[in-house]
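What follows is one structure encoded as structure tokens, with my remarks underneath.
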Number of protein chains: 4
Amino acid sequence: MMLKQLKQQVLEANLNLVKYNLVTLTWGNASGVDRERGLVVIKPSGVPYEKLKVDDMVVLNFDGKVVEGKLRPSSDAPTHLELYRAFPSIGGIAHSHSTVATAFAQSRKEIPCFGTTHADVFYGSIPVTRMLKKSEVDRNYELNTGKIIVERFQKIDPSSMPAVLVAGHAPFAWGNDALEAVEHMLVLERVAEMAYSTMMLQQKPQLLPQFILRKHYQRKHGDNAYYGQKKS
Amino acid sequence: MMLKQLKQQVLEANLNLVKYNLVTLTWGNASGVDRERGLVVIKPSGVPYEKLKVDDMVVLNFDGKVVEGKLRPSSDAPTHLELYRAFPSIGGIAHSHSTVATAFAQSRKEIPCFGTTHADVFYGSIPVTRMLKKSEVDRNYELNTGKIIVERFQKIDPSSMPAVLVAGHAPFAWGNDALEAVEHMLVLERVAEMAYSTMMLQQKPQLLPQFILRKHYQRKHGDNAYYGQKKS
Amino acid sequence: MMLKQLKQQVLEANLNLVKYNLVTLTWGNASGVDRERGLVVIKPSGVPYEKLKVDDMVVLNFDGKVVEGKLRPSSDAPTHLELYRAFPSIGGIAHSHSTVATAFAQSRKEIPCFGTTHADVFYGSIPVTRMLKKSEVDRNYELNTGKIIVERFQKIDPSSMPAVLVAGHAPFAWGNDALEAVEHMLVLERVAEMAYSTMMLQQKPQLLPQFILRKHYQRKHGDNAYYGQKKS
Amino acid sequence: MMLKQLKQQVLEANLNLVKYNLVTLTWGNASGVDRERGLVVIKPSGVPYEKLKVDDMVVLNFDGKVVEGKLRPSSDAPTHLELYRAFPSIGGIAHSHSTVATAFAQSRKEIPCFGTTHADVFYGSIPVTRMLKKSEVDRNYELNTGKIIVERFQKIDPSSMPAVLVAGHAPFAWGNDALEAVEHMLVLERVAEMAYSTMMLQQKPQLLPQFILRKHYQRKHGDNAYYGQKKS
């Protein structure tokens with residue numbers, strides 16, 4: 001894919017955050033990576049979505065240096081970069097403050113897997129990070145946000161768990177590219193809404209049995225996946 | 001009705017799932033049956049709603065063999081087929097993961113009849129199935145989903161209870177045709193929202209008395225129904 | 001006002017139920033009265049809102065006889081007529097199954113006045129009727145719905161309390177004309193949403209003090225009202 | 001800025017209340033101040049938003065005398081004026097009855113800071129005023145509403161806490177100009193929604209640690225702010 005195409009895709013992914021009703025004002029951002037060239041394309045900081053143009057997208061190398069674009073990158077860029085460095089399998093990242101997923105992050109609770117909607121995309125409970133320490137906030141705050149996500153995923157495969165809740169902050173999601181990352185963010189919010197209502201209806205809701213979790217995840221993502229049309 | 005017309009109607013029913021705000025991404029599906037010809041028309045799997053065209057609709061016989069259409073049918077087709085086989089009175093089926101009805105399915109709780117909105121369409125509490133067993137999930141999962149719905153309806157008339165919650169999954173609804181099935185899905189979600197709030201407001205909410213349930217159901221569906229215009 | 005104008009106004013009021021997001025499918029209805037001629041104009045039963053035309057409006061006399069229009073009136077017409085007979089000060093009525101007001105009706109709880117949003121329109125808690133008895137449901141159900149509303153208002157002035165919750169059913173609202181009745185229905189739903197959340201946040205929320213309730217109601221409706229522009 | 005421009009900006013801010021879904025019917029209002037000329041521009045009372053024109057905006061001096069415009073000012077004008085007199089740093093004010101922020105006001109509870117969404121704009125818990133006394137309501141009600149806000153801010157800097165909940169009433173927000181005041185109102189509602197859900201999910205939710213609150217507030221508003229693009 002040409003860099004121009006990647007910028008176009010990242011723009012579209014950012015606009016989907018608005019289309020899917022996941023952001024307020026200038027909150028949220030999406031990025032995509034070109035691993036061959038070692039470049040990341042990300043939304044500029046604080047620009048209204050309705051004014052975003054393809055050439056406003058900021059191109060960074062993996063050290064965070066701007067190599068193309070006149071605007072400042074999203075202030076969350078160091079978090080994105082850390083995730084791209086630590087998770088070689090991902091191609092796009094999205095960040096939002098969508099309402100109910102953020103409420104889970106604020107309550108510092110995982111989102112348990114109560115049903116197949118969740119299991120279709122997330123292979124288990126959506127994890128929540130620990131809180132950052134004062135020293136981690138005072139220096140390299142956004143980089144350290146990435147590091148505590150990576151720390152939380154020491155025993156989790158980011159390919160089968162494409163989202164996380166940062167405690168006291170909000171969710172990040174990822175995928176094969178920026179568009180899929182934003183789709184995962186949308187599913188995360190919907191799953192959070194369902195889990196919230198489930199927890200209000202049932203004092204001790206039961207988790208989806210492991211064999212259904214596996215079945216649903218595999219019918220979409222396994223070697224013998226049969227959901228959707230055959231890839232041509 | 002010609003097969004072409006049925007495909008058009010099933011397409012419209014699927015698009016109504018979007019119009020009524022009942023689906024996210026490619027979730028959900030609707031189908032219709034031509035019982036004379038023994039054919040079922042259903043949405044293809046994993047195709048975005050905004051790209052659906054009438055000729056994308058997949059035509060199956062009652063054994064699930066594709067007899068027309070180039071795309072794979074919805075992965076839930078075996079569930080639809082089982083319901084058409086077991087419930088001779090129904091002409092259309094809809095499936096969605098609408099938020100609050102799904103939360104009830106996840107909490108594995110029936111939706112009690114607390115008011116006339118519910119009684120106008122559903123003649124009693126909306127039932128919830130048992131959980132599937134491991135062996136039922138490992139083989140013929142979607143068919144077995146249909147079977148546990150039918151099992152739950154052993155003593156229930158599907159004509160007067162046109163919806164069910166599949167435990168840990170989501171709702172199915174049905175009706176005289178695909179369009180009515182989707183309308184019932186919409187009413188189900190609205191009724192779920194109202195029941196949810198009622199249960200939050202009242203620790204022990206009382207059911208609607210049986211004589212009002214019967215009155216409301218009959219004024220719309222009984223032999224002396226007087227709601228709406230006379231059928232010409 | 002000419003009858004034609006009244007029909008136009010009642011049509012507009014019915015369409016506002018949709019615009020204000022207060023109805024699903026064909027639920028809900030609004031009517032207006034011409035007291036000089038002794039005529040009531042009401043929505044026809046079960047016609048989709050997007051197809052409603054001015055000449056579909058049904059004209060009834062106070063005994064419920066259709067004097068103009070080819071369609072059946074709303075099945076709730078006897079309720080409207082009873083309210084027009086009992087409450088001489090009102091000029092329009094609206095009925096909806098808006099979600100949160102209906103949840104209060106289903107929980108059989110009044111909506112307490114917790115704030116000035118409520119006090120601006122409703123001079124006290126929104127009352128809830130008793131449940132209908134079996135005999136009242138079996139015969140003249142819709143008329144008796146009107147009668148238990150009137151019974152509940154024995155000591156309440158319908159001019160300063162322009163709405164009611166029918167237990168196990170849904171709200172009715174009224175006003176100087178059909179348009180105002182629908183506006184009151186909209187305020188009722190918003191006030192219900194706020195009261196619901198207030199009751200979730202506070203185990204024992206306190207009522208708005210009586211002196212603020214009076215002040216807010218009077219600044220909009222009293223002899224010295226100063227909200228809005230002077231009436232010309 | 002010319003007075004004409006200020007009127008245009010105040011009009012736009014009022015229309016944003018609608019665009020951001022913060023108001024119902026004619027509720028809410030926004031104003032802006034020209035401190036050099038000693039003039040305040042505010043929405044007229046009770047005029048539907050869709051009919052508002054730039055010349056409908058009412059111009060007042062600091063004593064509340066109308067110096068331009070044919071319509072009555074918002075009935076809340078005395079509250080706005082009191083805030084402009086007491087808080088010299090603010091340039092615009094917004095008032096709404098947005099649903100969840102109003103529920104907090106009705107429950108007479110502060111909105112605690114549970115996360116960074118809140119910390120980005122509000123430097124601590126959103127305060128709630130005391131209730132007005134009977135004598136304060138009976139005379140100069142709207143002025144006294146302003147006074148109890150000012151009283152509540154004796155030890156709070158309105159620049160770093162640009163909103164308040166008036167007990168039993170609803171929120172006010174402010175900012176550098178009318179547009180920013182309305183943006184702060186939008187953030188307030190979103191933050192209220194998140195706090196509400198957090199409090200439902202967690203019986204004893206923990207506040208965001210002070211060092212993260214400071215960090216987030218400062219990265220947007222401090223001397224070394226690095227969120228957004230450099231101001232040119």
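What you see is a predicted model; the values in this text were computed from it and never measured. Below, chain A is the first sequence line, B the second, and so on; all start at residue 1.
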Taking side chain as everything from C-beta outward and backbone as N, CA, C, O, which of these in B/His118 sits under 4.5 Å from a heavy atom of chain C? Side chain, backbone, both or neither. neither

Note: vs chain B, highest number of non-hydrogen pairs under 4.5 angstrom among C/Ala167, C/Ala105, C/Ala103, C/Ser74 is C/Ala103

Does any donor atom in the side chain of C/Thr26 or B/Tyr227 lie under 3.5 Å from an acceptor atom in the other side chain? yes

Can you tell me how far apart CG (B/Leu201) and OH (C/Tyr196) are? Round to the nearest 0.5 Å. 6.0 Å

Which portion of B/Ala195 sits near chain C, non-hydrogen atoms under 4.5 angstrom: backbone

Rounded to the nearest 0.5 Å, what separates atom OG1 in C/Thr24 from atom CD in B/Glu193? 8.0 Å

Does C/Arg108 use its side chain to pair, donor to acceptor, with the backbone of B/Gln202 at less than 3.5 Å? no

Heavy-atom distance under 4.5 Å to chain C: side chain of B/Leu186, backbone, both or neither? side chain

Residue C/Val47 versus chain B: region with a heavy atom under 4.5 Å: side chain

Nearest 0.5 Å, please: how far is NE2 in C/His169 from CG in B/Asp120? 7.0 Å

Sort B/Ala225 into side chain, backbone, both or neither according to what part of it lies under 4.5 angstrom from a heavy atom of chain C. backbone

Between C/Trp27 and B/Arg190 the two heavy atoms that sit nearest each other are CZ3-CG, 3.8 Å

Which is it for B/Phe114 and C/Thr102 under the side-chain contact (heavy atoms from CB on, under 4.5 Å) test, yes or no, and what are the steps along the way? CA-CA 10 Å; B/Phe114 294 129; C/Thr102 301; over 6 Å; no

Proximal component of B/Gln210, with respect to chain C [non-hydrogen, under 4.5 Å]: neither

Supply the atom-to-atom distance C/Met131 CE to B/Leu208 CG, rounded to the nearest 0.5 angstrom. 5.5 Å

With a 6.0 Å cut-off (strictly less than), is the heavy-atom count around CG of C/Asn61, excluding the residue itself, greater than 12? yes

I need the B/Thr117 OG1 to C/Gln106 CD distance, nearest 0.5 Å. 5.5 Å

How far does OG of C/Ser98 sit from CE of B/Met194, to the nearest 0.5 angstrom? 7.5 Å

Just wondering, are more than 12 heavy atoms of other shown residues or ligands nearer than 6.0 Å to CD in C/Gln203? no

Is the backbone N or O of C/Tyr141 less than 3.5 Å from a side-chain atom of B/Lys215, with the two atoms forming a donor-acceptor pair by type? no

Please give me the minimum heavy-atom distance between B/Gln229 and C/Pro44, naming the atom from each residue. NE2-CB, 3.8 Å

Which bit of C/Lys134 comes within less than 4.5 Å of chain B, counting heavy atoms only: side chain, backbone, both or neither? both

Which answer fits B/Gln218, side chain, backbone, both or neither, if we ask what part of it has an atom under 4.5 Å from a heavy atom of chain C? neither

